[in-house]
Amino acid sequence: MVLLDTLKGRVASSIPVIFTGAGLARELADVPWEALRSDASVLAEAQLNFQRQTGMDWVTVYSDALPIPEVLGCTIRFSPVSGPLIDRQMSLQDFKPPSEIDYYATRSAAAMLGAIEICARAVRDVPVGVLFEAPFTTALRSFDATAAIKLMFKNPGLLRSALDFITGVLEGFSAEAIRKGASVVHIPDPFSSLDFISARHFEEFSHPYLTRLIGSIHRMGGHAILHMCGNTESIWPKMAETGALGLSLDQKMVLGNARAVLGKSVVLVGNVDPIHVLMMGDATAVRRAAVSCIETAGPDRFVLMPGCGTPPGTPIENLRAMVSTAKEYVV
Amino acid sequence: MATTEQRDAIIEELKQGVIEFDEDQVKAAAQRVLADGMDAYDAIMNGLSAGMSRVGELFAANEYFVPEVLMCADALYAGLDILRPHVKPGTTAGIKGEVVIGTVEGDIHDIGKNLVKLMFEIAGFTVHDLGRDVPLEKFVEESIRTESDMVCLSAMMTTTMISMPKIIELLRKKNPNIKVMVGGAPVSDDLAKRWGADGYAADAANALSEAINMIDTLRDLKPIG
């Protein structure tokens with residue numbers, strides 16, 4: 001359990017390596033999107049297969065980013081190119097929060113929870129992780145994003161109410177996921193990046209809800225990793241303040257700088273370039289990039305991961321090269 | 001008829017109204033343009049458009065972010081809605097080119113695409129917006145139908161980004177001289193070059209300067225009437 005050891009601050013026997021990527025897991029398992037997100041056994045087997053083929057240090061149960069928006073009331077359609085898409089975003093002004101949330105009434109959410117249970121029974125040497133997006137990103141995915149963003153200025157109270165409600169939904173989903181056997185919760189938050197909103201807006205509309213969610217996850221016995229895409233440099237201390245055990249940074253960020261700012265107070269996670277190196281490079285380039293990450297941010301208090309999700313079409317040999325580099329790295 | 005001082009004051013109100021995303025101020029100033037018999041095109045270019053140029057600078061300097069720019073765009077459009085119907089025919093001769101723009105198939109993220117569209121529009125381009133989740137062939141059909149100078153492809157996801165080289169190939173087959181610009185979070189300058197795109201837009205302001213350079217190059221190749 002090198003991943004849990006590292007997240008808990010213990011000395012691990014090797015550097016943990018993790019990947020996320022439902023599209024790649026689906027491609028490797030050769031199953032249709034519809035089955036991946038509606039059938040717990042298909043999702044579990046696809047992600048177990050992804051773990052077995054790569055040798056990574058977790059099984060992450062994830063079909064796509066949309067089960068929680070679906071729980072909130074969004075409808076989904078399938079694109080032949082990218083799989084599930086939100087068919088219709090809701091209007092935040094007209095949104096009536098459901099009085100009761102039943103995660104099992106939404107097939108994709110029920111499939112994730114069922115798959116966690118199957119995976120937890122199937123693996124003993126690696127933890128089971130679950131992935132869903134942060135409150136702010138979930139809000140912008142579920143509601144008309146342009147209108148929701150403008151509420152920051154026009155009606156911040158309405159946006160805060162929605163974020164409060166969404167955070168509660170995510171806390172409830174986390175509780176179910178942990179009860180079913182997930183021990184790691186990976187929370188991507190691409191819309192909180194400084195490529196998108198200011199540090200002031202991050203503090204106002206993202207940070208409080210992340211802190212609340214992560215606090216809940218830890219009280220329930222889970223271990224939270226927070227991922228943000230793009231530029232996050234000036235909010236690294238605030239990201240750490242959320243209480244996340246691991247901070248996963250985009251490949252645009254310099255891990256050595258993050259370590260200099262944050263010290264060893266937090267586990268750094270990252271940040272091999274998933275497109276130029278993992279998808280388009282060869283095993284030699286992957287090994288070189290992996291060693292560079294380990295040497296700038298590790299080897300202790302460090303998890304090796306791509307800087308974002310691993311795209312479909314990434315050669316499996318490259319992922320294996322990344323895993324073997326970490327396992328063979330001599331401290 | 002407004003004096004030079006009155007004209008300058010109203011133009012400044014339009015400009016500052018856009019920068020400070022004060023829609024009410026922009027609307028009031030636009031109404032004064034009409035009431036005082038000022039030139040609507042002058043007010044658009046030196047008031048609204050100049051304000052948005054400053055917004056672009058603030059965005060590039062990381063002082064404004066996407067939410068601020070969207071608010072400024074609302075103020076700009078509020079002014080345009082009032083002033084555009086009063087622009088005298090012939091005063092928009094400075095059109096820089098025609099552009100087809102859209103978010104590629106499978107991708108519904110269009111905030112970035114809409115910002116690029118806005119920058120093109122205020123710079124005087126004619127923009128044919130195909131929206132989001134646009135099938136590959138639609139880019140080709142629309143570029144031929146509109147005889148556009150350039151096609152701009154946007155993608156937010158790695159899964160959808162990979163259709164960009166296919167679209168570029170299809171476009172080149174039909175029109176070897178068409179200029180293609182790509183942009184979006186997972187896209188990079190390196191990828192744009194590999195796929196044979198003519199330009200890469202890191203952000204909306206950069207998209208505009210790239211577009212102007214590209215269309216200038218095109219005009220060197222074939223004079224546009």
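A, B, ... follow the sequence lines: proteins, then strands. Residue 1 opens every chain. FYI, side chains are in, hydrogens and waters are out, and symmetry mates aren't considered; it's all heavy atoms of this structure.
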For the student: nearest non-hydrogen atoms of A:I275 and B:P186, plus distance = CD1-O, 3.5 Å

B:D190 side chain reached by A:M280 side chain, heavy atoms, under 4.5 Å = no

Can you tell which part of B:I162 gets under 4.5 Å to a heavy atom of chain A, answering side chain, backbone, both or neither?
-> side chain

Under a 4.5 Å heavy-atom cut-off, does chain A meet the side chain of B:Y64, its backbone, both or neither?
-> neither

Considering only heavy atoms, which portion of A:F205 lies under 4.5 Å from any heavy atom of chain B: side chain, backbone, both, or neither?
-> neither

What part of A:I86 is in contact with chain B, defined as an atom under 4.5 angstrom from a non-hydrogen atom: side chain, backbone, both or neither?
-> both

How long is the gap from CD1 on B:I111 to CG on A:L140, to the nearest 0.5 Å?
-> 6.0 Å

How about A:K154 and B:M71: do any of their side-chain heavy atoms sit closer than 4.5 Å?
-> yes

Inspect the surroundings of NZ in B:K138 and state if more than 12 heavy atoms from other residues, nucleotides or ligands are less than 6.0 Å away.
-> no

Among the listed options B:D107, B:V66, B:L70, the residue most often paired with chain A at heavy-atom distances under 4.5 Å | B:V66

How about B:L191 and A:H276: do any of their side-chain heavy atoms sit closer than 4.5 Å?
-> yes

Considering only heavy atoms, which portion of B:D133 lies under 4.5 Å from any heavy atom of chain A: side chain, backbone, both, or neither?
-> side chain

Which bit of A:I197 comes within less than 4.5 Å of chain B, counting heavy atoms only: side chain, backbone, both or neither?
-> both

Options B:T160, B:D74, B:N62, ranked by heavy-atom pairs under 4.5 Å with chain A, top entry | B:D74

In Å and rounded to the nearest 0.5 Å, what is the CG to CE distance from A:L85 to B:M157?
-> 6.0 Å

Contact summary for A:S79 and B:G106, nearest pair of heavy atoms = OG-CA, 3.3 Å

Per-residue tally against chain B (heavy atom, under 4.5 Å) across A:P311, A:A145, A:P274, A:S198 peaks at A:S198

Okay, B:E68 and chain A: the region with an atom under 4.5 Å from a heavy atom over there is both

Give the minimum heavy-atom separation between A:F196 and B:P67, together with the two atoms involved.
-> O-CD, 3.1 Å

Distance in Å, A:R200 CZ paired with B:F65 CZ, rounded so as to fall on 0.5 Å steps = 10.0 Å

Under a 4.5 Å heavy-atom cut-off, does chain B meet the side chain of A:D195, its backbone, both or neither?
-> backbone

